[in-house]
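Indexing begins at 1, ligand by ligand and atom by atom, following the structure's order.
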Amino acid sequence: MHSHDSSTTWRSNRTRSHALQQRAERFFPGGVNSPVRAFRAVGGAPPFIDRAEGAYLYDADGNRYIDYFGSWGPMILGHAFPPVVEAIERAARNSASFGASTAAEGDLAERINACYPAVEKMRFVSSGTEATMSAIRLARAATGRNIIVKFEGCYHGHADGLLVKAGSGVATFGIPGSAGVPEAVAHLTLALPYNDLSAVEAAFAAHPGAIAAVILEPVVGNAGCIPPAEGYLARLRAITRREGALLIVDEVMTGFRVALGGAVQLYRLVADRAPDLVTLGKIVGGGLPVGVFGGKRELMDLLAPLGPVYQAGTLSGNPLAMSAGLATITYLEENKDKVYPHLEATAKAAAEGVAAEAERASVPLTLNRVGSMWTWFFKPGPVRNYGEAAESDTAAFGRFHRAMLDRGVWLPPSQFEAAFLGFAHADEEVQATVAAARQAFAERAN
Ligand code: KE4
């Protein structure tokens, strides 16, 4: 097993990973069960992970990496965090699933409601995709309207109506963002530029009384990290309220990440600024499959079996997933005054340390960061929307990703993803990361 030595450049041996990739490609398109894992955006072959602990991943060839994607958000307490592991082990001994009600669902719901008072009632599902898809169906039923507004660069899972990109004009209907999405479905979605309220006003003016909801990432993670402009979220809430459209805040990534109460807490989306519906995922399941949609009780009571909106799921509220989520959220609540300052300080040091090495190497780089989620865009700033993010030099990012991976630092394999770190990352990992970046930029210069 490689010890982590960033003082020398080592090209890790990945023969076992290569063999596993060969086998995987026989069964899975691209050898993966989710596209971003294939490393197509950065080149190189993805190492296969054997196990992980704390801030570290260990691959099938015994190489060790500092983990900066953390299962795309969930692993905020670090890998194999003992209270979470023990909770899952305990639950597993009582059988993995019942398909009937358990106390564990209410236990986790109490914790979610404590962190998100706006979530008066909720329903568990098994992924973020199910959460946003269900929230949109609820919004359409509640308003009797069909059009949905989303924003370029925001990703809300792969439900048909959300795989839509901007049409020709700002207020014209969307076009399919994927093969297999019917035009008729795409035509019910408008994709607008993020951080641009005039585009939102234009959309409502063009479709008066027809927009059911606006859905957004309150801090974009899926274009790379893009924070909301000052006042943007509050103004968006005011416009939707004036127009009788619901505001759905998709906190699948930001929930419990940017603050214990997510972006709703961080940007004080409370009282008359409160969203109508919130979706959660990732951290709320502690690494097991959990999605949540919830909000005002009069909206949620439209759901079957009480109301006319159908929604269901075999493994919704799965007892193992509930136990992992409960152990995670409980630990975050009980230790928030230690955890969040540590995440902020460590992420600041790592993100700014690497940005300083880029500056020293005269590599154009713009850092956007909110707490322990951030992105190094390989371009001069600013990056305030997807259009500006898309100007990034993705080839340069790909070279950087490969150089860092070879030095034992595993960054998210795409310029348009957010990096994350967890409670187990500390100064040692920051120093190793900054040293690896210094070498990676020097390698490029030579
Ligand atoms: P899932 O269906 O992948 O659980 O959640 C969809 C989703 C919804 N909303 C937001 C804000 C999200 O970030 C996501 C999923 N995020 C991606 C990472 N960018 C998941 C990684 C992947 O697709 O493999």
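Residues meeting the ring-ring contact (aromatic ring centres under 6.0 Å, His included) test with Trp374, sequence neighbours left out: Tyr68, Trp376.
The residues Asp276 and Lys296 are annotated as salt-bridged, a charged nitrogen and a carboxylate oxygen being separated by less than 4.0 angstrom. Ion pairing between a basic and an acidic side chain is recognised when a charged N comes within 4.0 Å of a carboxylate O; Glu344 and Arg369 show such pairing.
Within the 4.0 Å cut-off (strictly below), a protein heavy atom is located near atom 19 (N) of ligand 1.
Ligand-side atoms of ligand 1 in range of Val36: 24 (O), range being under 4.0 angstrom from any heavy atom. The contact set between ligand 1 and Glu217, taken as ligand atoms under 4.0 Å from a residue heavy atom, comprises 11 (C). With ligand atoms numbered from 1 in the order given, ligand 1 contributes 22 (C), 23 (O), 24 (O) to contacts under 4.0 Å with heavy atoms of Ser34. For ligand 1, the atoms sitting less than 4.0 Å from at least one non-hydrogen atom of Ser127 are 2 (O), 4 (O), numbered in the order shown with element in parentheses.
Residues Thr254 and Glu251 meet the side-chain proximity criterion, which asks for heavy atoms closer than 4.5 Å.
Within the set His156, Arg37, Lys282, the minimum heavy-atom distance to atom 8 (C) of ligand 1 is found for His156.
Scanning the protein for heavy atoms near atom 7 (C) of ligand 1, the closest one is Gly157 N, 3.8 Å. Shortest contact from atom 10 (C) of ligand 1 to any protein heavy atom: Tyr155 O, 3.3 Å. Regarding atom 21 (C) of ligand 1, its nearest protein heavy-atom neighbour is Trp72 CG, 3.8 Å. When hydrogens are left out, the protein atom nearest atom 5 (O) of ligand 1 is Gly128 CA, 3.3 Å; that is the closest non-hydrogen contact. Among protein heavy atoms, the minimum distance from atom 3 (O) of ligand 1 is reached at Thr129 OG1, 4.6 Å. Given atom 9 (N) of ligand 1, the protein heavy atom at minimum distance is Asp250 OD2, 2.7 Å.
Counted within 6.0 Å of CZ on Arg23, heavy atoms from surrounding residues, nucleotides or ligands total 12 or fewer; the atom is thus considered open. Under a cut-off of 6.0 angstrom, the local environment of NE2 in His158 is sparse, with at most 12 non-hydrogen atoms contributed by other residues, nucleotides or ligands.
Any N or O atom pair closer than 3.5 Å counts here, and Asn222 shares at least one such pair with ligand 1. Any N or O atom pair closer than 3.5 Å counts here, and Glu417 shares at least one such pair with ligand 1.
Closest heavy-atom contact between Leu246 and Thr240: O-CG2, 4.3 Å. Looking at every heavy atom in both residues, Val339 comes nearest to Tyr331 through CG2-CE2, 4.0 Å.
Of the possible donor and acceptor atoms, none in the side chain of Arg123 sits under 3.5 Å from a partner among the backbone N and O of Phe293.
For the pair Thr132 and ligand 1, no heavy-atom separation below 4.0 Å is found.
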